[in-house]
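Owing to the predicted nature of the structure, the values given are computational and were not obtained by experimental measurement. Quick note on labels: first sequence line is chain A, next is B, and so on, each numbered from 1.
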Number of protein chains: 2
Amino acid sequence: MVTYGAHPGWEALGDPSRLAIVQRLAERPCAVGELADELPISRPAVSQHLKVLKGAGLVVDQAVGTRRVYRLSPVGLSALRDQLDTFWRRALNGYQDIVDEAEESS
Amino acid sequence: MVTYGAHPGWEALGDPSRLAIVQRLAERPCAVGELADELPISRPAVSQHLKVLKGAGLVVDQAVGTRRVYRLSPVGLSALRDQLDTFWRRALNGYQDIVDEAEESS
DNA sequence: CACGAACGTAAGCTACGACTTACCGATGGT
DNA sequence: ACCATCGGTAAGTCGTAGCTTACGTTCGTG
């Protein structure tokens, strides 16, 4: 298993179906059935994926009558965004800024 | 499976071991053996992960004598960065910019 | 020229995750 | 009160990703 203590959002976005769900939710908030209609998987499969995305803090849900509307969570996405931005910035300047000093975050 | 035509980088970063490798490479360029020493997996395992990361365009390798030094690829990371930034921005403003055009009725 | 170091690849095993069908609870309308 | 809709959960199957060991190859060094 070996969790490495990484943000669960990366594993959540690693699945193609979940990334597709996130892409749909980036366009508009959706109920479970709507997502299942647009995707080549069953509705329970979508439900399970949403559970993972919710556990990773990437989506939030809201009960509307008998339906549950899901939408993206800005706070959850910002964590991944910042980390990926760090990777990109480090790679961009050719590791120039590493020479001086190191500050760590576990 | 069902590829959805997504960027392969998401699946590449979805594995905890590969994310750990990327984190190490974000600090400094590394050879395969160096990464294997810092990680709880064997050297061939690291090699296979690097192959996936390279296929996704997230890392580039350079032969230095008998060693292969890997480092992050800015261009590969920027694609993921932009997409994740789009997700984040859409979620942040509460889908305000979508309301005008799209209208659904069931 | 031979030996060791560093790496990639092949083969094989194992475990986990993604998916399905079936079932059940909750909500809303008539 | 009844029924239909919507969604989460359980149980079970199956594919495949990830890991290891073993081997082949390249490069540098004595």
Rounded interatomic separation in angstrom, taking [atom1] from [X] and [atom2] from [N]:
X	N	atom1	atom2	result
E11(B)	dG15(D)	CD	P	18 Å
I41(B)	dA17(D)	CD1	P	16 Å
L39(B)	dC19(D)	CG	C1'	13 Å
W10(A)	dG17(C)	CH2	P	19 Å

Under 4.0 Å protein heavy-atom contacts per nucleotide of nucleotides 2-12 of chain C, with B for base, S for backbone only and - for none: ---BBBBBB--
Residues in side-chain hydrogen bond (donor to acceptor under 3.5 Å, both in side chains) contact with R43(B), at least two apart in sequence or another chain: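 Applying side-chain hydrogen bond (donor to acceptor under 3.5 Å, both in side chains) to R43(B) gives none.
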Qualifying residue for side-chain contact (heavy atoms from CB on, under 4.5 Å) with S17(B), from V52(B), L35(B), I41(B):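 Of all the options given, the one that passes is I41(B).
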Heavy-atom side-chain contact between W10(A) and Q83(A) under 4.5 Å: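 W10(A) vs Q83(A): side chains touch.
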Check: A26(B) main-chain N/O paired with R90(A) side-chain donor or acceptor under 3.5 Å: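 Yes, the answer is positive, given that a donor and an acceptor are paired below the 3.5 Å cut-off.
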Heavy-atom donor-acceptor pair, E11(B) side chain to P8(B) backbone, under 3.5 Å: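 It does not hold such a pair.
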Under-4.0 Å salt bridge between R24(B) and E34(B):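 Looking at E34(B) together with R24(B), the answer is no, because their closest N to O distance does not fall below 4.0 Å.
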L25(B) versus Y70(B), closest heavy-atom pair with distance: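 Result for this residue pair: CD2-O, 3.3 Å.
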Comparing G65(A) and D15(A) on DNA chain C - which has the more 5′ nearest nucleotide: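 The residue closer to the strand's 5' end, by nearest nucleotide, is D15(A).
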Pairwise distance OH(Y4(B)) to CD1(I21(A)) - rounded to 0.5 angstrom: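 Reported value, rounded in 0.5 Å steps: 7.5 Å.
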Listed nucleotide nearest any side-chain atom of A45(B), set dT20(C), dT20(D), dC19(C):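 The listed nucleotide nearest to A45(B)'s side chain is dT20(D).
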Helical bend (five base pairs per end, nearest 10°) for the helix from dC1(C)-dG30(D) to dT30(C)-dA1(D):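 The end-segment axes of the helix from dC1(C)-dG30(D) to dT30(C)-dA1(D) are tilted 30° relative to each other.
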Phosphate-side-chain proximity, S42(B) and dT20(D), N/O vs OP1/OP2 below 4.0 Å: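 Answer yes for this pair, as a side-chain N or O of S42(B) is under 4.0 Å from OP1 or OP2.
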